[in-house]
Amino acid sequence: MDTGDRLLTPGEVAALFRVDPKTVTRWAAAGRIGSIRTPGGHRRFRESEVKELLGSEGLHEEQPVAATPPPTQTQHRPPQH
């Protein structure tokens, strides 16, 4: 089905979100944004979907996981023989 929607390159999408183009590729690989493959294997993104996500701020890199606090007790390992 052709919607007449303009297709954007990863670089164009990256510029809109102010991220690296590889980040956009990771989003697509993770299914966080839809992409179309060209006959040459390059990714393209529907402008309407990108603008919708941009308006909702729906894509961001995962927040870093907080460091696990140290255990309250020292864990001892049994001696190795």
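Note: hydrogens, waters and symmetry copies are ignored here, and every other heavy atom, side chains too, is used. Keep in mind that this is a model prediction, so the values were computed, not measured.
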Could you please spell out the steps behind the side-chain contact (heavy atoms from CB on, under 4.5 Å) verdict for His42 and Arg37? CA-CA 5 Å; His42 300 281; Arg37 292 284 188 153; over 6 Å; no
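- Put simply, CG on Leu53 and CD1 on Ile33 are 5.5 Å apart, with the number rounded to the nearest 0.5 Å.
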Full working for side-chain contact (heavy atoms from CB on, under 4.5 Å) between Arg44 and Thr38: CA-CA 7 Å; Arg44 295 296 180 262; Thr38 67; 3.6 Å; yes
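- Note that CD of Glu12 is 5.0 Å distant from CZ of Arg6, once rounded to the nearest 0.5 Å.
- The CD atom of Glu47 lies 4.0 Å from the NZ atom of Lys51; values are rounded to the nearest 0.5 Å.
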Before giving the answer on side-chain contact (heavy atoms from CB on, under 4.5 Å), spell out for Phe17 and Val50 the whole-Å C-alpha distance, their side-chain angles and the decisive distance to 0.1 Å. CA-CA 9 Å; Phe17 282 97; Val50 171; 3.9 Å; yes
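- Not one N or O on the side chain of Glu49 forms a donor-acceptor pair closer than 3.5 Å with the backbone of Arg46.
- Rounded to the nearest 0.5 angstrom, Leu8 CG and Ser35 OG are separated by 12.0 Å.
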List the steps, then state whether side-chain contact (heavy atoms from CB on, under 4.5 Å) holds for Val13 with Val19. CA-CA 8 Å; Val13 176; Val19 297; over 6 Å; no
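- If you take OG1 on Thr25 and CZ on Phe45, they are separated by 5.5 Å, rounding to the nearest 0.5 Å.
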